[in-house]
Amino acid sequence: MGNIVIILPEINIGGAEKVVIDLCCEYIRMKIKVCLVVLRENKGNHFNKLLEESNVEVRYIGFKPGHKILNYIKLNKCLKEIAPNIVHINIEYKNSIIWALFHKVKTVITIHTQPYRMDNFINRRLFQLISLKKSSIFIGVSAIISKEMAEVFKIKQEKVKTIYNPICLDKDIIYNPNKGTKVMLAHVGRFHPVKDHNLLIDSFFLAQKEDPNLILNLFGDGEMKEIIQRKVEKLGIMGKVVFWGNCPNIKEQLKNMDIFILTSFSEAMPISVLEAMSVGLPVITANVGGVKELVDNNGILVHSREPGDFAKAIIKLSGNKELRECYSKVALNKIKKFDVKEIAKQYLMVYQ
């Protein structure tokens, strides 16, 4: 198959990064040579450590803000040394696509967000140019993302393929809800405006008035964390909202929860929902992006952005253990097709 290079801008604690890291680790288990090229520096978080422990070759280029020409020279030097046959580009597209335009390599570009959020003249032009290469292909992480990609960037549909995000599955997971009197809600995501923690807190505030046994667990960090903490304090519900920060093994934490909730403005194929499904959690989620391809009879899709509607969904599940268990069984069966072993094979077929 030749040398495979996968490119990431940096290794943050995020869904797209986890997808790439899980794929790299799976390739190593399959004894397939792969090199992960990271455009910025090593941040030393638990994702970086996982890559090291899994013996994934990683090269950190060390891009500097504002040094456009120097950054491209660094990337060119790194890729020249590796001499890849296949370049798989994720998240940051400009420098990597420009490089691919001038080199005879198979170019795979995975779009991890809703295309309208990255629609600008430069991206549109770069995507159109690289799509003219016979050896290029675009990957959407859900069917709706693939459709939007073709429409927004004016790419021919035959150049676009859907490959869902992967999840590492444990063996013999059984839904085992919290045994206490409290009903544990979980949200996983960085504190960023797109995740709409304000809607989440407003919805929970209404729901806990009706069901005082509800506890909201927030996993993640980010720029809006302090703002949300102040809001929770102002509403007088500090005793019912737990801020956990980033957790290295989030699935172990989710096993202690009862319900997963997501209120984002925009999602492509959220890893957090896949993680929740992989431990059998019923899901309440906003109907955005590719989420509807994950959640049907394993949870509740909320079609409005009204706190009252999310609160009703929370109450519906918190007060009905039998319904939660029914949704859980469906989730555990449905998640099997997202197993990283199967998704890695789909990418390898594209690389060929």
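Values below: all heavy atoms of this structure, side chains included; hydrogens, waters and symmetry mates excluded.
- Considering all non-hydrogen atoms of both residues, Ala268 and His112 come closest at CB-O, 3.3 Å.
- Around the CD atom of Glu52, the shell of radius 6.0 Å holds no more than 12 heavy atoms that belong to other residues, nucleotides or ligands.
- Glu26 and Ala344 make their closest contact through CG-CB, 3.7 Å (heavy atoms, listed as atom of the first residue, atom of the second, distance).
- Around CG of Leu101, the count of heavy atoms belonging to other residues, nucleotides or ligands within 6.0 Å exceeds 12.
- Donor-acceptor pairing under 3.5 Å is lacking for the side chains of Asn3 and Asn85.
- Nearest heavy atom pair, residue Ser142 against residue Tyr164, reads CA-CE2, 3.8 Å.
- In terms of the salt bridge (charged side-chain N to carboxylate O under 4.0 Å, His left out) criterion, Arg117 has no residue partners (sequence neighbours excluded).
- Hydrophobic cluster membership of Val194, counting Ile, Leu, Val, Met, Phe, Trp and Tyr whose side-chain heavy atoms lie under 4.5 Å apart directly or via other members: Phe265.
- The ring pair (Phe, Tyr, Trp, His ring centres under 6.0 Å) pairs that include a residue from residues 288-329 number zero, where partners must be two or more places apart or lie in different chains.
- The backbone N or O of Gly14 sits nowhere less than 3.5 Å from a side-chain atom of Asn12 that would complete a donor-acceptor pair.
- Taking Lys240 as the reference, nothing meets the salt bridge (charged side-chain N to carboxylate O under 4.0 Å, His left out) condition, with sequence neighbours excluded.
- For His88 and Thr110, the side-chain atoms include at least one donor-acceptor pair closer than 3.5 Å.
- Judged by distance alone, with hydrogens and angles left aside, the side-chain atoms of Ser136 form no donor-acceptor pair with the main-chain N or O of Thr107 at under 3.5 Å.
- Ring pair His192/His197: centre-to-centre distance not below 6.0 Å.
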Check: residues 61-69 side-chain donor-acceptor pairs under 3.5 Å, at least two apart:
residue : atom : partner : partner atom : Å
His67   : ND1  : Pro65   : O            : 3.0

Report all side-chain donor-acceptor pairs from residues 332-342 shorter than 3.5 Å, counting only partners two or more places apart or in another chain.
residue : atom : partner : partner atom : Å
Lys334  : NZ   : Leu294  : O            : 3.1
Lys334  : NZ   : Asp296  : OD1          : 3.4
Lys334  : NZ   : Asp296  : OD2          : 2.9
Asp339  : OD1  : Lys341  : N            : 3.2

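- The two residues Asn45 and Phe47 make their nearest non-hydrogen contact at OD1-N, 2.9 Å.
- Screening residues 118-133 for side-chain hydrogen bond (donor to acceptor under 3.5 Å, both in side chains) gives Asp119-Arg124 as the qualifying pairs, with residues at least two apart or on separate chains.
- Taking the salt bridge (charged side-chain N to carboxylate O under 4.0 Å, His left out) definition, one finds that Glu306 meets it with nothing, sequence neighbours left out.
- Summarising the local packing, NZ of Lys231 is surrounded by more than 12 heavy atoms from other residues, nucleotides or ligands at distances under 6.0 Å.
- Environment of CD in Glu223: crowded, with over 12 heavy atoms of neighbouring residues, nucleotides or ligands closer than 6.0 Å.
- Checked against side-chain hydrogen bond (donor to acceptor under 3.5 Å, both in side chains), Asp22 has the following partners two or more places apart in sequence or in another chain: Lys18.
- Listed by chain and number, the residues in a salt bridge (charged side-chain N to carboxylate O under 4.0 Å, His left out) with Glu53 amount to none (sequence neighbours excluded).
- Checked against the 6.0 Å centroid criterion, the rings of Tyr347 and Tyr27 do not qualify as a close aromatic pair.
- Around OH of Tyr116, the count of heavy atoms belonging to other residues, nucleotides or ligands within 6.0 Å exceeds 12.
- When the side-chain hydrogen bond (donor to acceptor under 3.5 Å, both in side chains) test is applied to Asn213, no partner is found at least two apart in sequence or on another chain.
- Summarising the geometry of Val37 relative to Leu79, their closest heavy-atom pair is CG2-CD2, 4.3 Å, with the distance given to 0.1 Å.
- Ser54 is linked by a side-chain hydrogen bond (donor to acceptor under 3.5 Å, both in side chains) to nothing, counting only residues two or more places apart in sequence or in another chain.
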